[in-house]
Amino acid sequence: MYITTPIYYVTDAPHIGHAYTTVIGDALARFYRLAGQETWYLTGTDEHGLKVARAAAEAGLSPQELVDDISQRYVRVWESLRISNDDFIRTTEERHRIGAKAFLQALYDNGDVYLAPYEGLYCVSCEDYYKEEDLLEGGLCPIHHRPVEHFSEDNYFFRLSKYSERLLAHIEANPEFVYPSTRRNEVIGFINQGLDDLSISRAQLEWGIPIPWDESQVTYVWVEALMNYATAVGYGYDQAQFDRRWPPTHLVGKDILRFHAVIWPAMLMAAGLELPRRVAAHGWLLVGGEKMSKTSLNQIAPDDLLGTFGVDGLRYHLLRDLSFASDGSFSWEGMVERYNADLANDFGNLVNRILNMVEQYRDGTVPARTGAEPVDVGLKNAAGEAVEALAGFADLGFNDALLGVWRLFGAANAYVEETAPWKIAKDPEQGQRLDEVLNGLLEALRVGAILISPVMPEAAAKLWDQLALPGAPDEPPYTETAVFGTFPELTVNRGAPLFPRIEAE
RNA sequence: GGCGGCGUAGCUCAGCCUGGUUAGAGCGCUCGGCUCAUAAUCGAGAGGUCGGUGGUUCAAGUCCACCCGCCGCUACCA
């Protein structure tokens with residue numbers, strides 16, 4: 001399973017919106033690995049184009065210096081969020097340059113590229129094109145209130161129009177190709193209104209990848225950026241790797257769906273490559289709540305949240321409180337509520353109370369069940385259902401799947417109440433029953449650690465350590481390791497609470 | 001304007017495609033229990049004219065029409 005995020009444009013510092021996409025991809029990638037599937041997770045940075053060149057000039061840096069700096073920031077943020085990407089592609093890398101040129105050449109050789117004048121209304125101040133209807137009265141630039149110029153240069157065009165029918169046919173034949181269905185409708189509507197050919201080169205720009213057959217032009221940044229998904233896995237220089245990884249599953253924000261669901265597939269058709277398995281577009285992260293409404297999404301850096309919620313708290317919130325397909329609101333209050341209710345109370349406290357009882361009543365060591373005693377089926381069933389719920393990750397149903405996993409913790413808490421170990425512990429004749437109860441609870445924690453590992457790798461690992469289990473919670477396949485059985489006789493070591501409660505100010 | 005979507009408990013949402021027991025979940029709230037635990041946990045409960053009107057049907061949150069409110073897409077700003 002080859003999973004990609006968009007490559008992020010380096011004029012933007014990493015913010016919570018980038019983190020949302022990347023955390024989703026990470027949870028998905030970790031899920032597939034946990035399921036035992038070979039998985040390759042790619043993210044990276046998009047580093048060419050006019051805006052970068054301009055930003056570098058403003059900062060008094062060379063473009064390369066600028067992109068080196070910003071791309072490193074992304075690398076560091078993903079490390080701090082425990083993103084498990086297998087590769088990080090930068091479009092200024094040689095492998096991308098080689099691959100992109102090969103890709104362009106393939107389009108050219110297929111007869112899908114031609115030279116034609118690119119005309120438009122151009123504002124010199126903006127250094128940008130406008131459409132007639134976007135201008136103010138009298139043909140003035142809406143930003144600078146200056147007359148725009150009619151501008152024309154020869155560019156290479158990709159015959160996008162040629163692929164309308166085939167794109168529609170593919171989308172019709174593959175209902176899962178564009179997800180969710182409302183976005184699929186938008187894409188179909190867009191194609192139906194007719195596709196124009198796409199300008200894929202720029203003559204007045206140096207910071208980019210030259211057109212292979214005409215080095216006086218560089219590739220239009222969007223077109224070049226899309227190719228990263230192919231060049232990162234060997235296109236044009238390592239066919240064996242490419243064959244092994246392709247095709248990808250693309251995770252994108254709804255704002256860039258069209259590039260991934262129309263332009264990119266058409267390019268792939270022209271290059272003779274298999275289309276992506278799926279292009280999944282998630283909704284926006286809207287900023288609500290008092291503390292954050294004063295600032296914009298762009299200014300919320302993931303670091304601002306890690307101090308209070310921790311990596312796992314942030315990751316859990318992004319996956320549990322938001323629904324992939326629709327927009328969701330992101331608020332400090334919402335995060336605190338969710339953290340306290342699910343992580344501190346339901347889960348963290350469960351871990352703490354169980355380990356505490358094991359230490360108090362059994363000095364940290366509970367004998368393994370012999371198998372002769374009846375296992376309490378309710379707890380075992382709850383674990384089985386939680387394992388089934390996790391499969392929802394494959395359909396991007398993270399919030400529902402997590403709700404399902406949390407039912408196991410609810411069942412374990414209820415089981416504690418029902419069995420009341422603190423009472424049994426006072427009765428020497430019920431020693432065996434106490435062992436059985438505690439063993440079942442430890443086993444529930446062991447299963448839980450496995451199931452949360454795609455979302456909360458840190459907490460999963462800590463819990464695993466506290467349980468003194470060998471190996472790691474994320475060893476595949478979970479469909480076998482997470483089967484509820486007997487917890488081995490180990491001496492647990494209760495650590496600090498996994499999720500200390502956050503007190504409201 | 002065209003195309004598409006949404007409006008269900010205080011909050012966030014599921015259910016609607018394939019009409020049919022007392023409309024569900026999580027959080028919040030109220031009451032009760034418990035005391036191993038991070039004032040955590042367990043149980044019970046309150047709370048909804050399912051945006052409005054009309055229609056189809058033995059039966060509509062669920063299908064149809066219209067209306068009101070909100071939102072998305074309608075190409076080259078990563």
Side-chain angles (χ1 to χ4, degrees), chain A residues 6-12 18 45-52 91 118 120 126-131 155 157-158 160 180-200 202 220-223 225-226 252-259 262-263 283-284 288 320-323 325-329 331 333-334 337-338 340-361 399-400 402-404 406-407 409-410 412-425 438 441 494 496-503:
Chain A
I7 50 175
Y8 304 111
Y9 203 50
V10 291
T11 51
D12 237 357
H18 300 122
T45 43
D46 182 13
E47 310 188 354
H48 284 127
L50 179 63
K51 282 200 163 186
V52 171
T91 57
Y118 182 44
C126 298
E127 296 184 60
D128 214 347
Y129 290 93
Y130 284 97
K131 288 193 293 186
N155 283 168
F157 282 76
F158 169 60
L160 181 61
S181 59
T182 162
R183 300 294 160 209
R184 183 168 172 270
N185 289 338
E186 286 179 9
V187 170
I188 291 171
F190 177 76
I191 297 173
N192 274 330
Q193 78 178 36
L195 298 178
D196 294 337
D197 289 344
L198 180 75
S199 162
I200 61 165
R202 293 290 183 270
Y220 172 52
V221 63
W222 244 120
V223 167
L226 286 167
V252 299
K254 66 182 186 180
D255 52 322
I256 56 173
L257 173 63
R258 200 171 48 241
F259 292 94
V262 178
I263 295 172
W284 283 122
R320 173 65 181 80
D321 273 329
L322 300 158
S323 161
S326 40
D327 292 351
S329 58
S331 75
E333 292 77 6
E337 262 185 25
R338 179 61 68 190
N340 281 338
D342 288 11
L343 300 185
N345 298 351
D346 289 345
F347 177 58
N349 179 61
L350 174 69
V351 171
N352 195 43
R353 72 194 298 208
I354 291 172
L355 293 184
N356 186 61
M357 288 189 285
V358 170
E359 290 195 340
Q360 275 189 42
Y361 307 144
N399 48 0
D400 260 3
L402 289 172
L403 177 64
W406 248 248
R407 292 194 193 286
F409 303 138
N413 273 317
Y415 182 75
V416 173
E417 298 298 324
E418 283 167 28
T419 56
W422 51 91
K423 285 184 184 165
I424 309 178
L438 293 177
L441 288 167
R494 180 164 71 114
L498 293 174
F499 298 100
R501 193 179 164 81
I502 298 171
E503 299 304 333

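Numbered from 1 within each chain, the chains take letters A, B, ... in sequence-line order.
Among the protein residues, Ile188(A) comes within range of no part of the nucleic acid, since none of its heavy atoms lies under 4.0 Å from any strand. Among the protein residues, Gly189(A) comes within range of no part of the nucleic acid, since none of its heavy atoms lies under 4.0 Å from any strand.
Comparing atom distances between the Lys423(A) side chain and each of A75(B), A40(B), U35(B) picks out U35(B) as nearest. The side chain of Val416(A) sits closest to C36(B) out of C36(B), G4(B), G72(B).
Ring geometry for Tyr118(A) versus Phe157(A): interplanar angle over 60°, hence perpendicular rather than tilted (30 to 60°).
The main-chain N or O of Glu47(A) is found under 3.5 Å from a side-chain atom of Thr91(A) such that the two form a donor-acceptor pair.
With hydrogens and angles ignored, a donor-acceptor pair closer than 3.5 Å exists between the side chain of Asn349(A) and the base of A37(B). Taking only distance into account, the side chain of Asn356(A) never meets the base of A37(B) through a donor-acceptor pair shorter than 3.5 Å. A donor and an acceptor atom never sit less than 3.5 Å apart when one is taken from the side chain of Glu417(A) and the other from the base of G43(B).
Contact annotation: Arg353(A) side-chain N/O to U41(B) OP1/OP2 distance is not under 4.0 Å. OP1 or OP2 of A37(B) lies within a sub-4.0 Å distance of a side-chain N or O belonging to Gln360(A).
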Please list, pair by pair, any protein nitrogen or oxygen found under 3.5 Å from a nitrogen or oxygen in nucleotides 7-18 of chain B.
none

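Base pairing of C36(B) is not made with any nucleotide, judged by Watson-Crick or G-U wobble geometry with both donor-acceptor distances under 3.5 Å.
Between Ile263(A) and Ala344(A), the residue anchored closer to the 5' end of RNA chain B is Ala344(A), taking for each the nucleotide with the nearest heavy atom.
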- What's the verdict on side chain to side chain donor-acceptor pair (under 3.5 Å) for Asn349(A) and Arg501(A), showing C-alpha distance, side-chain angles and the deciding distance? CA-CA 9 Å; Asn349(A) 179 61; Arg501(A) 193 179 164 81; over 6 Å; no
